[in-house]
Amino acid sequence: MSAAKRTRKVAVVGVSLSDCGRVEEATPYALHAQAARRALADSGLDRSVVDGFASAGLGTLAPLEVAEYLGLRPTWTDSTAVGGATWEVMAAHAADAIAAGHARAVLLVYGSTARADIRAGRRTANLSFGARGPLQFEVPYGHTLIAKYAMAARRHMHEYGTTLEQLADIAVQARANAAHNPDAMFRDPITVDDVLSGPMIADPFTKLHCCIRSDGGCAVLLVGEEYVPDTVPPPVWVLGSGTALSHTTMSEWDDFTVSPAAVSGRAAFRQAGVRPSEIDVAQLYDAFTYMTLVTLEDLGFCAKGEGGAFAAKGRLTLGGELPTNTDGGGLSACHPGMRGLFLLVEAVRQLRGEAGDRQVRGAGGRLPELAVASGTGGWFCSSGTVVLGRG
């Protein structure tokens, strides 16, 4: 986990989305390229400055195949693959590398046509990540990814009295935020009753407790401070980061109610020199409603066991005390697989004041000063947390 103070400041100077939602014709490679071009255009920098590249999830030799497709010849690379937390972990690695002088500009890119591939019969839904290694002791019993999250949610309900209504309200607030995002896949309002009455997927999760399946990609460009004067948008500085791994098998998870964000969050806030109470906007991985709840607790926004009550009363909406997943999150906006990079894009847009109708503002129209993006991978197996600040 990252904790040491950096000697060279690092900024995010370019962010973008590819076409997202329902993308029938493009390949994943095309979405990578589209996002990369848009991020470079957003930054105003020429591609020749990019000497670092990070990608995961595509190709036999990721990220070699994607870099070749983009016409890049990086001298620093990262192919870390830890599920949804991959991109926050990669951002931490990239920031450390830039700060240490191992790279000057690192491009993080992701793209997936998960939805289109299933509709076209190019792939089928997976029951598990495989049946080898430690997972061989769980897979034969049908212990799927969603079942693991559902089991953890039930444990939290048992220990702390968390209710189905509280979990459902997280989905309702995500949809309320998505209503202001023209790029969100689902924007129509929903109610707690809508969530509770939906088809059961894995007890206690009904359909609306679960993320949507979409296509899409995005890109983020990080650079050393000396390149900031040449960029177009105002810089968003990487203030702190932290990473953590927890478990693979459920039997090795010490406490189902504590995620690895409890470790990565502490490291990120400590390095940034800020407290959770100072954060203006939060972008948290939300493949399921329980992920949002437990990450709020583990990052220190509320005490353990109080996530359900904390998230109530509209606190996570655009006008709430802690606007969270302001684009609608994976529950309503976009979730093409490993969504972690989308969290960084939305955090940067909020800090730059470029979020349109969903822009969060404080008293007197003040833009947010601090944001946190925290990704979760596997079934709470990994976590990466990044604290960002407006320049």
Side-chain angles (χ1 to χ4, degrees), residues 1-16 32 35-36 38-56 62-64 66-67 70 72-82 85-110 218-243 264 267-274 340-341 343-345 347-349 351-352 370-375 384-391:
M1 80 187 160
S2 301
K5 286 289 184 181
R6 297 191 173 100
T7 57
R8 182 191 191 194
K9 293 177 66 178
V10 179
V12 177
V13 296
V15 297
S16 70
H32 278 77
R38 291 176 179 178
L40 283 167
D42 181 57
S43 74
L45 294 174
D46 186 80
R47 62 180 292 161
S48 62
V49 76
V50 177
D51 61 349
F53 182 70
S55 179
L64 277 170
V66 179
L70 299 181
L72 297 175
R73 297 292 186 268
T75 55
W76 182 93
T77 188
D78 188 3
S79 60
T80 297
V82 288
T86 290
W87 306 103
E88 281 68 37
V89 173
M90 282 184 171
H93 293 172
D96 287 344
I98 293 170
H102 298 307
R104 57 180 180 240
V106 177
L107 184 65
L108 281 61
V109 191
Y110 177 66
C218 55
V220 170
L221 179 65
L222 299 92
V223 301
E225 59 186 309
E226 66 272 25
Y227 289 95
V228 167
D230 299 324
T231 60
V232 174
V236 170
W237 300 99
V238 180
L239 303 181
S241 62
T243 67
S264 67
F269 286 126
R270 181 172 64 250
Q271 188 179 73
V274 303
L341 197 54
L343 309 181
L344 292 168
V345 171
V348 169
R349 286 181 168 175
L351 293 176
R352 295 197 321 201
L370 293 170
V372 64
S374 191
T385 302
V386 179
V387 177
L388 300 167
R390 186 160 59 88

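Counting begins at 1 with the first residue of the sequence.
A 4.5 Å side-chain heavy-atom check between Val49 and Asp230 finds every atom pair outside the cut-off. The shortest side-chain heavy-atom distance between His102 and Asp96 does not fall under the 4.5 Å cut-off. Put simply, the side chain of Leu344 does not reach to within 4.5 Å of the side chain of Val15, judged on heavy atoms. A 4.5 Å side-chain heavy-atom check between Phe269 and Val372 finds at least one atom pair inside the cut-off. Side-chain contact between Leu70 and Phe53 is present, with heavy atoms from C-beta onward closer than 4.5 Å. Contact of the Val106 side chain with the Trp76 side chain is registered, since non-hydrogen atoms from C-beta on lie closer than 4.5 Å. Side-chain contact between Val82 and Thr243 is absent, with no heavy-atom pair separated by less than 4.5 Å.
Residues Leu40 and Ser43 approach most closely at O-OG, 2.8 Å, considering heavy atoms. Counting all heavy atoms, side chain and backbone alike, Ala81 lies closest to Ala56 at CB-CB, 4.3 Å. When all heavy atoms of Val13 and Pro233 are compared, the closest pair comes out as O-CG, 3.2 Å. Closest of all the heavy-atom pairs between Val109 and Ser55 is O-OG, 3.4 Å. For the pair Val345 and Ala219, the tightest heavy-atom approach, listed with the atom from each and the gap, is CG2-O, 3.9 Å. For Gly375 against Ala85, the heavy-atom pair with the smallest separation is O-CB, 3.4 Å.
With rounding to the nearest 0.5 Å, the separation of CH2 in Trp87 from CG in Leu108 is 6.5 Å. In this structure, Leu221 CG and Thr231 OG1 are separated by 9.5 Å, a value rounded to the nearest 0.5 Å. The structure places SG of Cys218 at 11.5 Å from CZ of Arg38, a figure rounded to the nearest 0.5 Å. With rounding to the nearest 0.5 Å, the separation of CG in Leu222 from CE in Met90 is 12.0 Å.
For Arg8 (side chain) and Ile98 (main-chain N/O), a donor-acceptor pair under 3.5 Å exists by modelled atom type. Panel note: side chain Asp51, backbone Arg104; a donor-acceptor pair is recorded below 3.5 Å. Here the side chain of Thr80 pairs no donor or acceptor atom with the backbone of Thr86 at under 3.5 angstrom.
Residues that satisfy the side chain to side chain donor-acceptor pair (under 3.5 Å) test with Asp42, not counting sequence neighbours, are Arg352.
Applying the side-chain contact (heavy atoms from CB on, under 4.5 Å) test between Leu45 and each of Val223, Val232, Val50 identifies Val223 as the sole match.
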Query raised in the report: Are Val12 and Leu351 close enough, and set up right, to give a side-chain contact (heavy atoms from CB on, under 4.5 Å), and what steps lead you there?
Result: CA-CA 11 Å; Val12 177; Leu351 293 176; over 6 Å; no
Query - CA sep, side-chain torsions, deciding dist, call: Gln271, Ser241, side-chain contact (heavy atoms from CB on, under 4.5 Å) - result: CA-CA 7 Å; Gln271 188 179 73; Ser241 62; 3.8 Å; yes
Name each donor-acceptor pair under 3.5 Å that joins a side chain in residues 384-391 to protein atoms two or more places apart or in another chain, with its distance.
from, atom 1, to, atom 2, distance (Å)
Thr385, OG1, Ser264, OG, 2.8
Thr385, OG1, Ser374, OG, 2.9
Arg390, NE, Pro368, O, 3.0
Arg390, NH2, Glu369, OE2, 2.6

